[in-house]
Amino acid sequence: MRPSLPEVHTAGVAPTHSDPGLARTATTLPEVDALVAGCFACPRLVAWRERVARDKRASFAAQTYWGRGVPGFGDAHARTVVVGLAPSAHGGNRTGRMFTGDPSGDVLVAALHRVGYANQPTSVSADDGLELTGVRLVAPVRCAPPDNKPTPDERRTCAPYLARELELLAPTLRHAVALGAYGWQALLATLAEQGWHVPRPRPRFAHAATLDLTHDDGRTLRVHGCFHVSARNTYTGLLTPAMLDDVLAATLA
């Protein structure tokens, strides 16, 4: 089960956890989820996510914001992971679920439904009945960052969460979809640290790019590049529904 919705952390209250390195010894995905939700390791991100949760967008003024690190979401036996950037301030930071409650989530989940990964085409709240089969949604950074721009140090601090999720998914994982250059580079860096044979120099991100990787233990993984499902990309037509569908459908092969 995912952690229950907590009150937003306030000054003077000790954090539940502050060391992402604890994720390295987690034995289940729910354990990783709980560590993410209780993480206070990056002061700038903690201050921002809590400020947003207090100074709510007017349209969500009556809602209780999650205001914490956002766990991954989806199938614990996924064949595919979708790697984003970070939760949005009034999306995942509000709802407590990855790609939920914002335009990016609307686009992604609709596509996941069209190709058969999701039981419904909408993702509006953590209790809306959405179920994902065969796919898990993750991010290199688990807190909403100011201006949607985490620092390199923040990404490195958060990296153990993504790394451990990938390790726990290893028995079934065959595909990874990296949304945007940030997701692509962060994913390849994590895979290289885990013993995957990532080419040097690392291949540059491109939409519809594919990269086949092998591991010393015999596993294989195909990485797919996809433009991020941001409103800027979808509203301008840089990423169309058909383009997104094509990338996701390729993970079913």
Side-chain angles (χ1 to χ4, degrees), residues 2 49 52 57 59-60 63 65-66 70-75 78-145 147-150 162 165 175-187 205-210 222-253:
R2 70 189 301 103
R49 75 193 190 192
V52 172
R57 181 172 287 173
S59 54
F60 305 127
Q63 298 184 20
Y65 274 54
W66 173 259
V70 180
F73 173 67
D75 195 339
R79 64 179 278 110
T80 300
V81 291
V82 176
V83 184
L85 191 164
S88 67
H90 300 282
N93 188 56
R94 172 174 60 89
T95 63
R97 194 173 74 189
M98 198 69 67
F99 286 105
T100 297
D102 65 3
S104 295
D106 294 342
V107 170
L108 178 60
V109 172
L112 292 173
H113 180 257
R114 288 194 297 269
V115 302
Y117 276 132
N119 68 323
Q120 62 187 44
T122 57
S123 178
V124 297
S125 67
D127 59 357
D128 62 6
L130 175 65
E131 296 179 3
L132 302 179
T133 302
V135 68
R136 183 171 175 87
L137 311 181
V138 300
V141 176
R142 302 308 174 95
C143 294
D147 300 319
N148 208 32
K149 294 180 180 179
L162 175 61
E165 280 185 290
H175 295 269
V177 176
L179 298 177
Y182 191 95
W184 177 269
Q185 294 298 336
L187 174 62
F205 167 79
H207 180 78
T210 59
R222 175 166 287 186
V223 179
H224 307 255
C226 182
F227 288 135
H228 197 280
V229 289
S230 66
R232 180 177 62 182
N233 288 346
T234 57
Y235 290 169
T236 61
L238 181 64
L239 177 67
T240 66
M243 292 167 63
L244 179 56
D245 289 357
D246 286 346
V247 172
L248 293 175
T251 68
L252 299 172

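One-based numbering along the sequence shown.
From Asp75, atom CG reaches atom OG1 of Thr80 across 10.0 Å, with rounding to the nearest 0.5 Å. Here the CG atom belonging to Asn119 is positioned 5.0 Å from the CD atom belonging to Glu131, to the nearest 0.5 angstrom. Distance check, rounded to the nearest 0.5 Å: CE of Met243 to CG of Leu248 gives 12.0 Å.
Here the closest non-hydrogen pair linking Cys226 and Val177 is CB-CG1, 4.0 Å. Closest of all the heavy-atom pairs between Gly225 and Val247 is O-CG2, 4.0 Å. Across all non-hydrogen atoms, the minimal contact from His224 to Ala250 is CE1-CB, 3.9 Å. Across every non-hydrogen atom of His207 and Leu239, the tightest pair is CE1-CD1, 3.8 Å. Nearest heavy-atom pair, Thr236 versus Asn233, reported as atom, atom and distance to 0.1 Å: OG1-O, 3.3 Å. Annotation for Ser123 and Leu130: closest pair OG-CD2, 3.7 Å, computed over non-hydrogen atoms.
Of the residues listed (Pro150, Ser104, Pro140), the one engaging Leu85 in a side-chain contact (heavy atoms from CB on, under 4.5 Å) is Pro150, and it is the only one.
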Worked check of side chain to side chain contact (heavy atoms under 4.5 Å, CB included) between Leu162 and Arg142: CA-CA 9 Å; Leu162 175 61; Arg142 302 308 174 95; 4.2 Å; yes
Step by step, would you call Asp128 with Arg97 a side chain to side chain contact (heavy atoms under 4.5 Å, CB included)? CA-CA 11 Å; Asp128 62 6; Arg97 194 173 74 189; 3.0 Å; yes
Before you tell me yes or no, could you show the steps for Thr234 and Phe227 under side chain to side chain contact (heavy atoms under 4.5 Å, CB included), namely the whole-Å CA-CA distance, both residues' side-chain angles and the distance that decides it to 0.1 Å? CA-CA 9 Å; Thr234 57; Phe227 288 135; over 6 Å; no
Test side chain to side chain contact (heavy atoms under 4.5 Å, CB included) applied to Tyr65 and His90, step by step: CA-CA 8 Å; Tyr65 274 54; His90 300 282; 2.7 Å; yes
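Remark: the backbone N or O of Thr95 is not paired with any side-chain donor or acceptor of Thr100 at under 3.5 angstrom. Remark: side-chain polar atoms of Thr251 are not paired, donor with acceptor, to backbone N or O of Ala249 under 3.5 angstrom. Judged by distance alone, with hydrogens and angles left aside, the side-chain atoms of Arg79 form no donor-acceptor pair with the main-chain N or O of His175 at under 3.5 Å.
Relative ring orientation between His228 and Phe99 is described as tilted, the plane-to-plane angle lying within the 30° to 60° band.
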Which side-chain N or O atoms in residues 105-116 pair as donor and acceptor under 3.5 Å with protein atoms at least two apart or in another chain?
unit_1: Arg114; atom_1: NE; unit_2: Asp245; atom_2: OD1; d: 3.1
unit_1: Arg114; atom_1: NE; unit_2: Asp245; atom_2: OD2; d: 2.8
unit_1: Arg114; atom_1: NH2; unit_2: Asp245; atom_2: OD1; d: 2.9

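Looking at Pro87 and Trp66, their side chains never come closer than 4.5 Å, going by heavy atoms from C-beta outward.
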